[in-house]
Amino acid sequence: SLFHDGWHSVTHLDGRFWRTIWLLLVKPGEVSRQFVANRRARFLPPFRLYLVISLLFFALLGVSHQDDVLELSIDASERASICDNLQTNLDSMAGRLRATCQKIVADGGASLRRMFLASLPRAMFLFLPLLAAGLLLLYWRPRRWYVEHLVFFLHTHSAAFLIGSFAMLLQLAARAWPLLQPAAALFGFAVFLWLVAYLYLAMRRFYGQGRVRTLAKLAVIGVFYGM
């Protein structure tokens, strides 16, 4: 059903998908602003847009085998004792904690990495509503509806996942053609800078506040996101 929804969105004759994508990338925050202002007919619904793009992003994430995610570097002499030094205040969890640690150490973190990547899509479904709730505290005057913040984050994450998909496609191409590796590395760094600038510009356009306030709130969101 999700594949059908995505295919229908891409091939639909009214071109809402491509119009939404174009404005989403060239004018950060504008699609959210238009949607909240009830000018919605020209754009793809934000939740459907997020589903389609996140499907592409996480599929590429699984295909690209991100070995650098949660990469563990453990000295061979420490492998036997590292899990024995773990401590917890919950005695009932101690045995399970050590058993899990031994499994992670034994395969160099491969099992943990697979679990982490497989859980990301579901985690984001919980994380985005939490972020939107956090913005209720940051933007309390003038007061906005919770759903406005949620729409904003659905759009900004859709843009981030779309650019991230391009970056992973370039990484996959660089594996086949090593000459592309410098370009892939440079593009990956550029994507990080672009994401920070994109979120700042999107917040400025959507919420309409000044530079200093926006930067301060962007810093708060960054810290919360990192935690």
Side-chain angles (χ1 to χ4, degrees), residues 1-2 5-6 9 16-17 19-61 69 116-167 191-227:
S1 176
L2 186 57
D5 196 18
S9 300
R16 288 190 304 164
F17 179 83
R19 186 184 300 113
T20 305
I21 290 298
W22 171 253
L23 192 60
L24 191 71
L25 294 180
V26 300
K27 278 193 172 183
E30 182 62 20
V31 177
S32 302
R33 196 175 68 85
Q34 296 275 353
F35 193 86
V36 168
N38 280 327
R39 294 188 286 269
R40 306 174 182 178
R42 300 171 60 241
F43 305 109
L44 202 66
F47 189 68
R48 183 188 298 179
L49 178 72
Y50 176 81
L51 282 178
V52 172
I53 295 178
S54 66
L55 176 66
L56 169 66
F57 176 79
F58 289 115
L60 285 172
L61 192 64
V69 177
F116 176 77
L117 294 177
S119 301
L120 269 180
R122 287 168 288 177
M124 292 305 297
F125 272 105
L126 296 175
F127 189 51
L128 288 180
L130 285 176
L131 277 175
L135 285 191
L136 285 173
L137 302 176
L138 290 180
Y139 290 97
W140 58 277
R141 185 181 295 176
R143 198 68 175 172
R144 287 180 175 267
W145 295 103
Y146 169 79
V147 71
E148 296 181 49
H149 302 303
L150 185 58
V151 165
F152 174 77
F153 273 120
L154 286 171
H155 282 145
T156 52
H157 279 75
S158 295
F161 287 167
L162 187 60
I163 296 299
S165 298
F166 291 144
V191 165
F192 172 75
L193 296 179
W194 177 87
L195 286 174
V196 176
Y198 182 92
L199 185 56
Y200 167 76
L201 293 173
M203 290 171 65
R204 283 268 291 158
R205 179 172 279 117
F206 184 69
Y207 293 106
Q209 293 190 342
R211 294 184 179 89
V212 175
R213 279 190 176 186
T214 302
L215 282 173
K217 293 177 180 182
L218 178 61
V220 173
I221 292 173
V223 170
F224 182 67
Y225 211 106
M227 293 172 61

Next item on the list: Take Leu49 and Phe17, measure what side-chain contact (heavy atoms from CB on, under 4.5 Å) needs, and give me the verdict at the end.
Entry: CA-CA 8 Å; Leu49 178 72; Phe17 179 83; 4.2 Å; yes
Item checked: Main-chain N/O of Phe43 paired to Thr20 side chain as donor or acceptor, under 3.5 Å -> no
Next item on the list: Quick one: closest heavy-atom pair of Pro45 and Arg16, and the distance?
Entry: CD-NH1, 4.1 Å
Checklist line | For Leu24 against Val31, the heavy-atom pair lying closest together | finding: N-CG2, 3.7 Å
Notebook entry, point to check: Does NZ or CZ of Arg40 fall inside the cone over Phe35's six-membered ring, less than 6.0 Å from its centre and within 45° of the axis?
Noted result: yes
Note to self: Is there a side-chain contact (heavy atoms from CB on, under 4.5 Å) between Met203 and Ile221? Walk through the geometry before answering.
What the structure shows: CA-CA 11 Å; Met203 290 171 65; Ile221 292 173; 3.8 Å; yes
Margin query: Between His157 and Tyr225, is the ring pair (Phe, Tyr, Trp, His ring centres under 6.0 Å) condition met? List the steps.
Written below: CA-CA 12 Å; His157 279 75; Tyr225 211 106; 5.8 Å; yes
Note to self: Can you give me the closest heavy-atom contact between Phe57 and Ser165, atom names plus distance?
What the structure shows: CA-OG, 3.5 Å
Check: Which pair of heavy atoms, one from Pro46 and one from Val151, lies closest together, and at what distance?
Finding: CG-CG2, 4.1 Å
Notebook entry, point to check: Ignoring hydrogens and geometry, is there a side-chain-to-backbone donor-acceptor pair from Arg204 to Thr214 under 3.5 Å?
Noted result: no
Notebook entry, point to check: If you take all heavy atoms of Arg205 and Pro28, which pair is closest and at what distance?
Noted result: NH1-O, 2.7 Å
Notebook entry, point to check: Under a 4.5 Å cut-off applied to non-hydrogen side-chain atoms, are Tyr139 and Glu148 in contact?
Noted result: no
Note to self: Looking at Arg143, I'd like to know if its CZ atom is crowded, meaning that more than 12 non-hydrogen atoms belonging to other residues, nucleotides or ligands lie closer than 6.0 Å.
What the structure shows: yes
Item checked: Phe47 side chain near Leu150 side chain, heavy-atom distance below 4.5 Å -> no
Next item on the list: Please report the C-alpha distance between Phe152 and His155 in whole Å, then the side-chain angles of each, then the deciding distance to 0.1 Å, and finally whether the side-chain contact (heavy atoms from CB on, under 4.5 Å) criterion is met.
Entry: CA-CA 5 Å; Phe152 174 77; His155 282 145; over 6 Å; no
Next item on the list: Side-chain contact test, heavy atoms from C-beta onward, threshold under 4.5 Å: evaluate it for Tyr50 versus Leu55 and give yes or no.
Entry: no
Next item on the list: Check whether any side-chain heavy atom of Leu131 sits under 4.5 Å from a side-chain heavy atom of Phe127, and report yes or no.
Entry: yes
Notebook entry, point to check: So with a 6.0 Å cut-off around CZ of Arg39, is the heavy-atom count from everything else above 12?
Noted result: yes
Check: Looking at Phe206, is Arg144 sitting on its ring face, NZ or CZ under 6.0 Å from the six-membered ring centre and within 45 degrees of the normal?
Finding: yes
Notebook entry, point to check: Ignoring hydrogens and geometry, is there a side-chain-to-backbone donor-acceptor pair from Tyr146 to Pro129 under 3.5 Å?
Noted result: yes
